[in-house]
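Okay, structure first, notes after.
Residue numbering restarts at 1 for every chain, and letters A, B, ... go by the order of the sequence lines.
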2 protein chains.
Amino acid sequence: MKKTTIYDIAKELNITAATVSRALNDNPRISEDTKKLVLATAKKLNYKQNKLALALKSGKSKNVGVVVPYINRNFFSTVIRGIEEELNPKGYNVIISQTHEEGKKEIDIVQNLLNAQVDGIIISASRQSKGNDHFKYVLSKNVPLIFFDRKKEIEGISSVTLDDAQGAYQATKHLIEQGCKHIAHMTIDLSLLIYQNRLAGYKQALADHGMEFNPDYVIALQSEIVAGKDAAKKLMGLPEPPDAIFSATDLGALGAIQYLREIGKKIPEDFCVVGFSNEPFTQFMELPISSVDQSPLLMGKTAAKVFLEQIESNDVKIEKNVVLSPSLEIRKSSQKTLG
Amino acid sequence: MKKTTIYDIAKELNITAATVSRALNDNPRISEDTKKLVLATAKKLNYKQNKLALALKSGKSKNVGVVVPYINRNFFSTVIRGIEEELNPKGYNVIISQTHEEGKKEIDIVQNLLNAQVDGIIISASRQSKGNDHFKYVLSKNVPLIFFDRKKEIEGISSVTLDDAQGAYQATKHLIEQGCKHIAHMTIDLSLLIYQNRLAGYKQALADHGMEFNPDYVIALQSEIVAGKDAAKKLMGLPEPPDAIFSATDLGALGAIQYLREIGKKIPEDFCVVGFSNEPFTQFMELPISSVDQSPLLMGKTAAKVFLEQIESNDVKIEKNVVLSPSLEIRKSSQKTLG
DNA sequence: TTGTAAGCGTTATCAC
DNA sequence: GTGATAACGCTTACAA
């Protein structure tokens with residue numbers, strides 16, 4: 001079955017394609033009669049607009065590229081869902097790509113999206129992202145670029161991030177208020193801004209409450225449960241072991257909890273733990289884990305809105321940096337006192 | 001910065017756009033010299049092929065639509081990841097859309113993807129999918145359509161699914177072998193084929209082992225933990241309560257376990273539970289939950305391969321139905337005996 | 001080996 | 001109010 005074009009409709013009605021186009025676009029200079037006729041035959045011939053032709057002509061593909069490290073991480077897939085829900089009603093499609101945290105892949109993907117004439121790119125930088133040239137290049141092509149969660153400091157590029165420091169501050173403060181005296185911190189990759197900020201928030205909270213910062217209490221791990229267990233073991237082997245852990249990841253928190261229970265620690269009575277990300281599993285556990293929520297759905301929607309603003313204002317270089325506030329979800333793993 | 005086209009290169013070299021095009025496409029009839037020259041100036045002018053123009057001309061957009069109920073479900077996002085990993089290296093982009101389980105949205109999305117001239121559609125039918133006309137329509141446009149996981153029986157349409165019955169059979173058989181005498185089954189929506197098949201596998205396993213099927217032991221719930229709890233409560237209130245549950249979802253299994261522990265049941269000693277989907281959280285729990293793995297990554301890759309085959313064979317109507325074998329992951333929640 | 005010109009399906013700018 | 005025509009950027013017969 002051949003695809004019907006506006007020419008087919010034109011031929012059918014003995015008018016010209018231009019008229020058909022105008023009628024379909026509800027151009028006021030077209031008579032109601034012809035409009036009705038065109039619409040009717042369009043339906044009859046099952047006409048569907050070819051978006052590619054429109055895109056080529058207009059220079060707008062109505063596609064937006066979304067780039068994440070991995071798609072099957074709850075945080076990222078939920079951000080994408082937020083973006084989708086905001087952009088689809090406006091007629092945009094979302095093209096997703098994953099970098100697998102590779103810097104090279106990130107460059108390729110951005111280039112590829114540009115070739116595909118996307119109208120914008122919404123991206124969370126990969127862990128090994130190299131340089132900023134590919135990002136600046138996007139701007140030079142007049143294509144809006146918006147960072148979310150993991151940003152890079154580049155002039156003229158907007159971002160939607162979480163106030164990681166504040167989240168860490170809240171978590172640490174909460175632990176202090178629970179009466180914890182020696183709070184350790186598990187982190188991942190301190191070359192990433194988000195983890196630097198979480199560390200900073202942790203430190204700040206300690207300082208604000210007259211507690212000393214102990215470098216031995218900060219331990220970096222790979223985002224895995226096993227690593228969390230090992231780290232907890234290490235911490236508990238210190239001359240003065242901690243009585244609480246604020247982990248920059250939920251899996252780290254989980255691993256720590258597993259180890260602590262193995263050695264007979266009672267949680268939250270003897271030991272408190274707070275994670276970060278509010279992954280779904282944290283609430284499913286028999287011992288639900290307190291965690292800092294990153295509101296990924298809102299982050300996605302916000303990033304999409306920033307994109308739309310840039311498109312509408314027609315100025316790619318407007319830098320807008322939205323910082324979302326985290327919210328601490330207090331659960332059993334850190335709740336000594338009720339209420 | 002204006003985008004450079006092959007015309008810009010042509011002008012620069014005082015040749016014609018056609019020659020440039022051929023040179024870039026490594027056409028053997030172009031002299032090595034001009035090729036080199038073209039490539040060099042292409043690089044110099046920072047030329048990037050406009051995929052839209054290519055798509056319009058060739059009729060192939062190099063985009064594939066992937067449609068799922070929700071993207072932020074581990075199963076679906078992992079299938080998408082599989083599709084991506086298979087298709088990206090072949091130069092395809094993946095456009096994702098979510099139906100939110102709505103039949104109407106499914107129709108709109110399919111139509112929209114067709115307008116966008118996708119080269120194929122890979123879809124898991126929405127729960128409330130209405131009719132088959134929109135699917136048949138895709139075929140009539142000569143666009144390959146592939147179902148995964150949730151399929152519809154339509155002649156000429158390929159699918160990649162899991163052998164749900166076999167998975168259910170394995171799970172039930174395993175429970176029987178653990179010595180369970182009264183095995184209940186939690187399901188969700190029996191209007192969906194996958195749940196029908198899981199029920200069938202459960203029944204078959206019972207029959208094959210001389211156990212009677214008791215309709216009171218089958219209970220349908222919404223895919224939520226609370227519902228799982230309630231259902232477990234109901235089951236335990238029966239004159240002859242079960243001593244095992246095979247749940248068609250992991251969340252259902254989790255809810256059941258929570259209730260059972262509340263009333264003091266020892267798992268797996270007194271009661272065994274097996275879930276379905278092998279969601280990540282099942283292994284994180286303090287009491288890891290046995291579950292049937294659906295190998296979503298493989299499912300995605302396989303669906304992508306089937307799509308590629310259809311594209312290459314140039315015949316949309318080749319029906320190929322791949323059925324993947326599930327594998328039961330035995331964990332503590334159902335492991336009375338070791339080994 | 002390279003140039004010419006048509007065509008993919010739209011929309012926009014002139015005309016009339 | 002409608003028609004002709006050019007243009008978006010690329011590929012591809014057909015010529016030369």
* **A/Lys57 (side chain) and C/dT10 (base): donor-acceptor pair under 3.5 Å** => no
* **A/Phe148 and A/Phe75 aromatic ring geometry - parallel, tilted or perpendicular at 30°/60° bounds** => tilted
* Identify which nucleotide among C/dT11, D/dG1, C/dA12 has an atom closest to any side-chain atom of A/Ser21, counting heavy atoms from C-beta outward. => C/dT11
* Inter-residue atom distance B/Glu155.CD - B/Leu139.CG, 0.5 Å rounding -> 10.5 Å
* Give the nucleotide from the list C/dT1, D/dC10, C/dT10 with an atom nearest to the side chain of B/Ala53. => D/dC10
* Asked: Given atom CG of B/Asp26 and atom P of C/dT2, what is their separation to the nearest angstrom?
  -> 13 Å
* Asked: Toward the 5' end of DNA chain C, which comes first, B/Leu56 or B/Lys35, by nearest nucleotide?
  -> B/Lys35
* A/Ile6 has an atom CD1; how far is it from atom P of D/dG3, in whole Å? -> 12 Å
* Asked: B/Asp8 has an atom CG; how far is it from atom P of D/dC8, in whole Å?
  -> 11 Å
* Which word best sums up how the rings of B/Phe147 and B/Phe135 line up, parallel for under 30°, tilted for 30 to 60°, or perpendicular for over 60°? -> perpendicular
* To do: Please state how far atom NZ in B/Lys62 lies from atom P in D/dG9, giving the value in whole angstrom units.
  => 22 Å
* To do: For B/Ser31, report the nucleic acid contact type (base, sugar-phosphate, nothing); a contact means any heavy atom under 4.0 Å.
  => sugar-phosphate
* Counting any heavy atom closer than 4.0 Å, what does B/Ile15 reach on the DNA or RNA strands: base, sugar-phosphate only, or nothing? -> sugar-phosphate
* **Protein-nucleotide distance (B/Glu32, atom CD; C/dT2, atom P), rounded to Å** => 10 Å
* Ignoring hydrogens and angles, are the base of D/dC10 and the side chain of B/Tyr7 linked by a donor-acceptor pair under 3.5 Å? -> yes
* Gap between atoms OH and C1', on A/Tyr47 and C/dG9 respectively (whole Å) -> 8 Å
* Any donor-acceptor pair under 3.5 Å joining the side chain of B/Lys3 to the base of D/dG9? -> no
* A/Glu85 with A/Arg81: basic N within carboxylate O range, under 4.0 Å -> yes
* Taking atom P of C/dT2 as reference, at what distance in whole Å does atom CD1 of B/Ile9 sit? -> 15 Å
* Look at the side chain of B/Arg29 and the base of D/dT12, then say whether one donor and one acceptor between them are separated by less than 3.5 Å. => no
* Minimum-distance nucleotide (side-chain atoms of A/Arg22 versus C/dC14, C/dT11, C/dT2) -> C/dC14
* Inspect the contact between B/Asp119 and B/Lys62 and indicate whether a charged nitrogen and a carboxylate oxygen are less than 4.0 angstrom apart. => no
* To do: I would like to know whether A/Arg150 and A/Leu193 meet side-chain contact (heavy atoms from CB on, under 4.5 Å); could you show each step before the answer?
  => CA-CA 7 Å; A/Arg150 302 198 201 152; A/Leu193 200 59; over 6 Å; no
* To do: Enter the inter-axis angle for the ends of the helix from C/dT1-D/dA16 to C/dC16-D/dG1 (five pairs per end, rounded to 10°).
  => 50°
* Structure fact -> When rounded to the nearest 0.5 Å, the distance separating CD of B/Glu12 from NZ of B/Lys44 is 4.0 Å
* Asked: Does a salt bridge link B/Lys104 with B/Glu106, judged by any charged N lying under 4.0 Å from a carboxylate O?
  -> no
* Atom pair distance, as rounded to whole Å: CG in B/Asn25 and P in C/dT2 -> 15 Å
* Select base, sugar-phosphate, or nothing to describe what A/Thr34 touches, counting heavy atoms under 4.0 Å on all strands. => sugar-phosphate
* Compare side-chain N and O positions of A/Thr19 against OP1 and OP2 of D/dG3 and report whether any pair is under 4.0 Å apart. => yes
* To do: For B/Ala18 and for B/Leu52, find the nucleotide of DNA chain D with the closest heavy atom, then tell me which residue's nucleotide is more 5'.
  => B/Leu52
* Kindly say if A/Gln117 contacts the phosphate of D/dC8, meaning a side-chain N or O under 4.0 Å from OP1 or OP2. => no
